[in-house]
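All values below come from the heavy atoms of this structure, side chains included, with hydrogens, waters and symmetry mates left out.
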Amino acid sequence: SDTDRAQIALFDRAAWRAHRDRAARVGAVDFLHVETADRLLDRLDFLGPMFPAVLDLGARDGALAARLAARPGTECVVGAE
């Protein structure tokens with residue numbers, strides 16, 4: 001029933017949002033985004049210009065989207081938060 005499903009939650013969404021918002025305020029995750037972007041770009045450089053259209057989902061400040069747009073062969077970058 002709906003009542004049973006409401007009581008069994010895998011994630012506490014309110015707590016998750018509070019943790020995420022707190023981490024964003026103090027900059028606790030910035031280094032992870034920079035490291036992830038660096039690794040992604042390294043791998044893409046290994047593959048070559050294979051992706052003319054790019055979606056940066058979770059674009060935050062647009063830094064990764066800007067770096068992706070500067071890659072040879074990239075024609076369109078869409079950043080979405």
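- For residues 68-81, the pairs satisfying salt bridge (Lys or Arg N to Asp or Glu O under 4.0 Å) are Asp45-Arg71, with sequence neighbours left out.
- The salt bridge (Lys or Arg N to Asp or Glu O under 4.0 Å) analysis of residues 19-30, with sequence neighbours excluded, yields the pairs Asp30-Arg60.
- One hydrophobic cluster holds both Leu68 and Met50 under the rule that ILVMFWY side chains link at heavy-atom gaps under 4.5 Å.
- Hydrophobic clustering of Ile, Leu, Val, Met, Phe, Trp and Tyr side chains at less than 4.5 Å, counting indirect connections, unites Leu47 with Val54.
- When every heavy atom of Leu32 is checked against every heavy atom of Thr36, the shortest pair comes out as O-OG1, 2.7 Å.
- Using a 4.5 Å heavy-atom threshold, the side chains of Asp56 and Val78 count as separate.
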Taking only distance into account, with no hydrogens and no angle test, what donor-acceptor pairs under 3.5 Å do side-chain atoms of residues 37-44 form with protein atoms, sequence neighbours excluded?
residue : atom : partner : partner atom : Å
Asp38   : OD1  : Arg67   : NH1          : 2.8
Asp38   : OD1  : Arg67   : NH2          : 3.0
Arg39   : NE   : Glu35   : OE2          : 2.7
Arg39   : NH2  : Glu35   : OE2          : 3.3
Arg43   : NH1  : Arg39   : O            : 3.3

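- Here the closest non-hydrogen pair linking Pro49 and Gly73 is CB-CA, 4.1 Å.
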